[in-house]
Amino acid sequence: MSGDGANSSDTGLNSNPYGSTVEIFSDESVLKEDWQPEKLPEREKELDEIRNALAPATRGVNAHNLFLYGKTGQGKTVAIDHELDLLNEYANSQDDLELSVIKTSANNQSTSYQLAAHLIKEIRDGSKKPSGIDQQSMFDLLYDELRGLNETIIIVIDEIDSIGSNDDLLYELPRARKNGHLEDQWISVIGISNDLEFRDNLSPKVKDSLYDSEIEFAPYNANQLTSILERRAERAFVDGVLDGDVIPLCSAFAAQDEGSARQAIRLLYKAGELALNNDNEVIHESHVREARDILERKRIEEGMRSLTTQDQLALLSVVALEIDEETPARTRQVYQKYKDIAAILDSNQLVERRVRDHLQSLGMQGFLIVETRNRGIQGGSHYRFEVKTDLEATLDILGEDNRIDDVVEDLTDIATAKNLV
DNA sequence: CTTCCACGGGAAGTCACGGATG
DNA sequence: CATCCGTGACTTCCCGTGGAAG
């Protein structure tokens, strides 16, 4: 709850334990993920709106329910934290405002039931998650816990989209008082979502109950990213180590992609590290480009490692077709290949319908290019799949898994023979 | 404009599993 | 212990549909 001090002095400026001869960073912590900027000039308007929505809490009624949406790295979480800190500060200075803020991430809580259990755990401060009971009992348990809190309750649910269409709790919570589950308390819910479609897929009754106001965080443009980076760079780096092109290039890369400040900062940080590791005194454009490649590869690796075996098999099937130069391939072809591969590996074979789901999900995660096609009376409509990620890197990473590495090795050999990697 | 392919995708149902409950 | 709960991963079934060919 208490605002963490931002001063860290653990960046060694003087002696270089590993013998680096150059100085790049003056305060590296500014570039870390958990660094909280104290100002958000690019989001003044959004901060204002949040303030307006929270303001009723200071007048003894419930704050408006609030919905923040926008892609990752747009400052949603930082903005809400910032405003809640201010509100908390205010509450502490007033005798008649008793505030309870519960902040949680719905990440990995894929249903209302799970989310309720998670909230209970959060309020109980770390005890284990209840389970095994029916949903309504779980909700009742949650209300019991809520009754133990202060008069004004604000529940922040980050990544709220992960509960998908199972949104009963989102309907229940805002109406807890109306429905008599809570008597003397005011409750409001702040939802944060990366998924822009989530809002449209919510059931109408939830929309009605949850949506007092919504605030969109539009992607930063390159100019905004540049100012954000400049503010950070000023504190993070030693004077004069930044080549003129570096920040604009980081901004441009990030803006082209998702407009994510997080991504831009990561790029800048990585570029700085590369310069440092190479004993370069100045960070150049080349460092940024290298940083981008490294980060991109890391992103793929992380995603791929978390794939289930069946996901890997589906991906491998498309990779194999790619090596045979038969991509883009339609579902049927991929499925044939999949059956071959599954047979070789003696793994259980799923039905085509299921493999299609796996392929779709691989598309969503950015590993495959998925294209719909319609060839009318001769062909009808169908999907076409091809590999989106770098073939060599993909084979490398998949080869690390010893359940499938035999097949991957063979494929790598064929690909090498064909000069594809 | 109509036809109609072959796939997409929704729905419903089965199964196995971890944890709770009495 | 038997039994119940929610859930994810799966299969089975079947209706709906975009758009090139005619």
Side-chain angles (χ1 to χ4, degrees), chain A residues 104-122 124 126-145 159-173 195 197-198 200-204 303 305-318 321 326-339 341-343 345-365 367-386 401 403-404:
Chain A
T104 188
S105 166
N107 194 13
N108 298 328
Q109 320 303 325
S110 60
T111 62
S112 281
Y113 181 88
Q114 298 287 354
L115 179 56
H118 187 66
L119 282 169
I120 292 167
K121 181 184 161 193
E122 203 86 337
R124 287 179 179 169
S127 69
K128 65 179 182 332
K129 255 169 115 174
S131 71
I133 54 179
D134 65 294
Q135 175 162 300
Q136 197 51 55
S137 309
M138 187 64 87
F139 288 0
D140 288 344
L141 210 52
L142 177 58
Y143 291 131
D144 285 346
E145 294 297 329
E159 302 190 57
I160 198 169
D161 44 292
S162 63
I163 80 159
S165 57
N166 191 327
D167 49 17
D168 294 349
L169 186 63
L170 301 185
Y171 172 72
E172 286 251 341
L173 268 184
D195 180 357
E197 282 172 30
F198 174 68
D200 304 329
N201 295 337
L202 279 174
S203 55
R305 273 191 237 289
S306 63
L307 293 179
T308 63
T309 307
Q310 288 296 340
D311 279 327
Q312 289 179 333
L313 291 182
L315 177 58
L316 208 49
S317 310
V318 185
L321 288 168
E326 287 179 25
T327 50
R330 50 198 299 178
T331 314
R332 204 164 30 168
Q333 281 171 281
V334 178
Y335 186 60
Q336 286 307 320
K337 196 58 131 182
Y338 163 86
K339 282 205 291 192
I341 292 178
L345 293 171
D346 201 22
S347 141
N348 53 334
Q349 297 182 17
L350 303 182
V351 96
E352 183 174 335
R353 177 70 185 81
R354 199 78 252 293
V355 174
R356 200 164 73 221
D357 281 347
H358 283 293
L359 289 170
Q360 282 279 291
S361 114
L362 288 168
M364 302 282 273
Q365 294 173 70
F367 300 130
L368 296 180
I369 300 171
V370 184
E371 173 203 10
T372 45
R373 259 204 162 199
N374 195 321
R375 313 232 67 206
I377 208 157
Q378 46 165 237
S381 62
H382 53 267
Y383 283 140
R384 281 152 61 92
F385 301 96
E386 60 191 301
D401 193 308
R403 286 169 299 190
I404 60 170

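Everything numeric here is computed off the predicted structure, so don't read it as measured data. Here is how names work: the chains are called A, B, and so on, in the same order as the sequence lines, proteins then strands, and each is numbered from 1.
Note that CG of A/L142 and CD of A/Q136 are 10.5 Å apart. Values are rounded to the nearest 0.5 Å. Remark: A/D357 CG to A/R354 CZ distance equals 5.0 Å, nearest 0.5 Å. Here the CG-CD distance, from A/L321 to A/E326, works out to 5.5 Å after rounding to the nearest 0.5 Å. To the nearest 0.5 Å, atom CE of residue A/M138 and atom CG of residue A/D168 are 13.5 Å apart.
What separates CZ of A/R373 from C1' of C/dA21 is a distance of 15 Å, to the nearest Å. When the C1' atom of B/dT21 is taken as reference, atom CG of A/L141 falls 14 Å away, rounded to whole Å. Rounded to an integer number of Å, the gap from A/Y383 OH to C/dG18 P is 13 Å. The nearest whole Å value for the distance from the CD atom in A/E371 to the C1' atom in B/dG8 is 15 Å. Atom CG in A/D357 sits about 17 Å away from atom P in B/dA12, given to the nearest Å. We find that CZ of A/R353 is positioned 8 Å from C1' of B/dG10, with the value rounded to whole Å. Rounded to whole Å, atom P of B/dA12 lies 18 Å from atom CZ of A/R354. Between the CG atom of A/N348 and the P atom of B/dA16 there is a distance of 13 Å, rounded to whole Å.
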**Report entry** Audit row: A/Q109, A/E159, side-chain contact (heavy atoms from CB on, under 4.5 Å) steps and yes/no
**Finding:** CA-CA 9 Å; A/Q109 320 303 325; A/E159 302 190 57; over 6 Å; no
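Backbone-only contact: A/R375 has heavy atoms under 4.0 Å from sugar-phosphate atoms and none from a base.
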Taking N or O atoms only and anything under 3.5 Å, show me the protein contacts with nucleotides 5-8 of chain C, one pair per line.
from: C/dG6; atom 1: OP1; to: A/Q135; atom 2: N; distance (Å): 3.1
from: C/dT7; atom 1: OP1; to: A/T111; atom 2: OG1; distance (Å): 2.2
from: C/dG8; atom 1: OP1; to: A/S110; atom 2: OG; distance (Å): 2.2

Identify all pairs in which a protein N or O lies below 3.5 Å from an N or O of nucleotides 4-6 of chain B, and state each distance.
from: B/dC5; atom 1: O4'; to: A/I377; atom 2: O; distance (Å): 3.1
from: B/dC5; atom 1: O2; to: A/G376; atom 2: O; distance (Å): 3.2

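A side-chain donor from one of A/D311 and A/T308 sits under 3.5 Å from a side-chain acceptor of the other. In summary, the side chains of A/Y335 and A/Q349 do not present any donor paired with an acceptor at a separation below 3.5 Å, with no hydrogens or angles considered. A donor-acceptor pair shorter than 3.5 Å cannot be found between the side chains of A/H382 and A/T372.
A 6.0 Å sphere centred on CZ of A/R384 holds more than 12 heavy atoms belonging to other residues, nucleotides or ligands.
Comparing atom distances between the A/T331 side chain and each of C/dT12, B/dG8, C/dC10 picks out B/dG8 as nearest.
Applying the 4.0 Å criterion to OP1 and OP2 of C/dA9, one finds that A/H358 has every side-chain N and O outside that range.
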